*Asks:* 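A single structure is presented below for examination.
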There are 2 protein chains.
Amino acid sequence: MKFGVSLLGLVQQPLDEDLARRAEDVIAWVHEARDAGFHSVISGQHYLTHPFQELQPVPLLARLIPESGDMELFGTLIAPLHNPVDLAETWASLDVLSGGRMGLCFALGYRDEEYAAFGVDTSQRVRDFRDVIETVRALWTQDEVTATGRGFTIENATCTTRPVRKPHPPIWIAANADPAVKRAARWGLPWNINPHARYETIERQVGLYHDSAREAGIEPAELPLQREVFCAPTREEAIQTAGPHLARKYAAYDQWGQDKALPGEEEFAIPFAQLAQDRFILGDPDDCAREIAKYRKLGVDRLHMRMNWPGMALEPAVEALRLFGAEVAPRFADKGGGSGP
Amino acid sequence: MKFGVSLLGLVQQPLDEDLARRAEDVIAWVHEARDAGFHSVISGQHYLTHPFQELQPVPLLARLIPESGDMELFGTLIAPLHNPVDLAETWASLDVLSGGRMGLCFALGYRDEEYAAFGVDTSQRVRDFRDVIETVRALWTQDEVTATGRGFTIENATCTTRPVRKPHPPIWIAANADPAVKRAARWGLPWNINPHARYETIERQVGLYHDSAREAGIEPAELPLQREVFCAPTREEAIQTAGPHLARKYAAYDQWGQDKALPGEEEFAIPFAQLAQDRFILGDPDDCAREIAKYRKLGVDRLHMRMNWPGMALEPAVEALRLFGAEVAPRFADKGGGSGP
């Protein structure tokens with residue numbers, strides 16, 4: 001099983017934080033993950049992020065290239081907002097600059113403010129999502145591409161700036177809703193399982209994903225998962241340290257409407273113990289390993305962990321990272337899906 | 001007078017070059033410029049660059065942050081192609097990551113293929129250009145912004161991710177045609193004088209720029225110039241080394257139609273000596289200093305030099321850079337416009 005860390009809790013900060021100082025924390029955090037043998041980092045994307053400020057993933061990941069050893073660098077982008085020619089050339093440039101270590105995760109997005117700011121008609125966002133992803137893949141793999149979509153028309157266009165990794169860097173699909181999960185399978189792209197849904201939802205949706213892939217005659221390359229994770233010497237300490245930050249983050253998600261993007265009855269405006277149940281991986285090393293084993297059984301072979309949240313200091317997250325690297329990760333070292341830690 | 005180097009000749013390469021190896025050359029080149037005391041680097045932008053491949057400026061400049069000491073890092077972007085919210089947050093992120101060293105130069109662009117690939121109606125490109133620049137400035141300086149343009153609608157939007165430099169990083173306007181030069185003056189933004197036009201055209205247009213600025217009651221902050229420059233122990237060596245690369249580059253410009261974007265009768269499909277005359281700064285240190293002094297007299301206080309061109313090896317450019325830093329730059333050290341060389 002491959003383990004990676006999310007940068008979200010450092011790149012997204014309350015407005016009263018000094019973002020430049022927090023950018024130094026991001027670099028220190030990536031050094032810690034690299035030195036602990038983690039496999040990858042992932043950073044997300046939002047625009048107009050009130051009540052947070054947030055570093056955009058393209059400049060951030062480029063800045064991290066010389067800091068990150070041989071780790072993979074993933075960016076989660078809200079695909080419908082972007083132009084596929086810009087995406088293809090920008091991420092090819094990143095891949096060239098990093099020696100082939102980039103990966104992309106495409107999300108559909110859910111915030112009306114972001115769609116309006118990029119001219120996306122919400123009712124057409126799935127079409128835009130598909131057009132962007134198909135066109136980026138075509139630009140990276142074909143010599144002449146003709147395509148049209150919202151805000152772009154290309155005719156026999158050649159993308160001369162190509163990624164190092166062939167046929168192209170990994171492309172994952174972030175998905176919350178059932179139709180989106182099935183779509184990822186039909187496209188033959190790994191579903192990057194979201195950090196928000198409960199275990200029971202994920203278990204059901206992994207079934208859906210595999211069924212849809214089988215129907216399409218596709219064998220997905222990997223099954224990555226994102227989770228909120230905090231590891232401490234005792235379960236009480238883990239909850240005490242991470243709890244307030246997670247509660248604040250999910251209150252903001254509630255305000256943004258992230259829970260409404262999940263299937264079924266999930267909502268975030270509930271007491272913390274209930275929010276955490278079967279959703280967060282919090283506790284001592286045994287607790288963490290037991291939870292992760294449940295996902296491993298579903299076929300999950302990569303886990304990107306969010307171990308810090310907006311406004312939290314770096315040090316307790318570093319302690320949690322080190323403890324996880326020493327006590328939890330090694331238990332999954334031989335259980336498939338790749339190397340270390 | 002402040003001197004800087006362009007990255008164009010290294011980031012834009014013929015298709016048979018190894019772009020990853022050339023990216024290492026870019027880093028070596030930036031180290032040379034930094035160590036020689038140059039003040040800034042600038043990198044441009046094109047998409048679908050056949051017969052070249054080219055690194056995009058956002059990931060490139062972010063990668064250069066830790067390599068560039070306290071130099072300023074400028075990116076020239078084709079403004080009408082971009083979304084102002086993305087621009088504002090991406091360049092604010094770069095400014096945070098660089099400790100306030102970023103600068104932007106906005107160009108109108110001229111290639112139909114690029115406009116089509118980004119959904120720009122060529123007849124509306126000046127309107128789009130203006131909307132993007134106005135909205136980026138508003139997002140960087142106002143708490144709530146309401147604006148609409150091609151592909152964006154924002155209402156009482158707050159850009160929470162802000163640049164370090166206040167009120168905002170330098171914004172320059174690249175301009176070829178007379179109306180564009182006058183527009184830069186009216187907006188109160190420095191005109192970044194293009195590298196393609198002849199001296200006599202520039203002399204005339206600097207007059208236009210100052211007249212328009214005076215009419216608008218504006219005192220421009222600086223007057224930057226880009227030029228093709230090659231300095232060698234003798235004029236013959238300079239022409240022998242740089243000539244073939246410059247000739248090839250301008251043949252490609254001719255193919256792209258760059259000369260048609262210039263005012264008057266300028267064209268690039270002419271013999272090299274004629275092409276170079278009053279356009280390129282080529283020669284021994286005395287030749288270079290004499291040419292630069294002409295522009296200094298016009299009020300130019302920053303010069304970004306293109307000293308290498310697609311397909312050229314790094315070493316001769318490094319020799320030219322060192323010679324320029326040692327023999328030419330010091331002659332302008334006390335002549336206004338900032339620190340040396």
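This one's a predicted model, so the numbers in the text were calculated from it and none came from an experiment. Below, read A as the first sequence line, B as the second, and so on, with proteins coming before strands; counting in each chain starts at 1.
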*Asks:* Sort out for me which of B:Gln56, B:His50, B:Gln13, B:Arg22 touches chain A most, counting heavy-atom pairs under 4.5 Å.
*Replies:* B:Gln56

*Asks:* State, with a plain yes or no, whether a side-chain heavy atom of B:Asp128 is found less than 4.5 Å away from one of B:Phe118.
*Replies:* no

*Asks:* Do the two ring centres, one from A:His82 and one from A:Trp91, sit under 6.0 Å apart?
*Replies:* no

*Asks:* At a heavy-atom separation under 4.5 Å, does B:Leu55 approach chain A through its side chain, its backbone, both, or neither?
*Replies:* both

*Asks:* Less than 4.5 Å to any heavy atom of chain A: does that hold for the side chain of B:Leu60, its backbone, both, or neither?
*Replies:* both

*Asks:* Quick one: of B:Leu81, B:Thr161, B:Thr160, who has the most non-hydrogen atom pairs under 4.5 Å with chain A?
*Replies:* B:Thr160

*Asks:* For chain B, which candidate among A:Gln53, A:Glu89, A:Glu24 shows the most heavy-atom pairs at distances under 4.5 Å?
*Replies:* A:Glu89

*Asks:* Would you say the side chain of A:Trp29 lies within less than 4.5 Å of the side chain of A:Val41, judging by non-hydrogen atoms?
*Replies:* no

*Asks:* Count the heavy atoms belonging to other residues, nucleotides or ligands that lie under 6.0 Å from CG of A:Asp70, then report whether that count exceeds 12.
*Replies:* no

*Asks:* Which region of B:Leu48, side chain (C-beta onward) or backbone (N, CA, C, O), has a non-hydrogen atom less than 4.5 Å from a non-hydrogen atom of chain A, or is it both or neither?
*Replies:* both

*Asks:* Check whether B:Asp95 gets within reach of chain A through its side chain, its backbone, both or neither, counting any heavy atom under 4.5 Å.
*Replies:* neither

*Asks:* By a 4.5 Å heavy-atom criterion (distance strictly below it), what part of B:Leu15 contacts chain A: side chain, backbone, both, or neither?
*Replies:* side chain

*Asks:* So which part of B:Phe52 gets closer than 4.5 Å to some heavy atom of chain A, the side chain, the backbone, both or neither?
*Replies:* backbone

*Asks:* Over 60° means perpendicular and under 30° means parallel, so classify the ring planes of B:Tyr110 and B:His46, tilted if in between.
*Replies:* perpendicular

*Asks:* Which one, B:Pro51, B:Pro66, B:Ala20, leads in non-hydrogen pairs under 4.5 Å with chain A?
*Replies:* B:Pro66

*Asks:* Out of A:Thr148, A:Val120, A:Val58, return the one with the most heavy atom pairs under 4.5 angstrom to chain B.
*Replies:* A:Val58

*Asks:* Name the member of B:Leu97, B:Ile154, B:Thr158 that forms the most heavy-atom pairs with chain A at distances under 4.5 Å.
*Replies:* B:Leu97

*Asks:* Start with the C-alpha gap between B:His168 and B:Thr141, add the side-chain angles, then the distance that decides, and say whether side chain to side chain donor-acceptor pair (under 3.5 Å) holds.
*Replies:* CA-CA 7 Å; B:His168 58 68; B:Thr141 55; over 6 Å; no

*Asks:* Heavy atoms only, distances under 4.5 angstrom: which of B:Leu64, B:Ile27, B:Thr153 has the most pairs with chain A? Name it, please.
*Replies:* B:Thr153

*Asks:* State, to 0.1 Å, how close B:Ala79 and B:Val132 come at their nearest heavy-atom pair, and which atoms those are.
*Replies:* O-CG2, 3.6 Å

*Asks:* Between B:Tyr115 and B:Pro80 (side chain of the first, backbone of the second, donor and acceptor by atom type, cut-off under 3.5 Å), is there such a pair?
*Replies:* no

*Asks:* Answer yes or no: is there a side-chain heavy-atom contact under 4.5 Å between B:Val5 and B:Asn308?
*Replies:* no

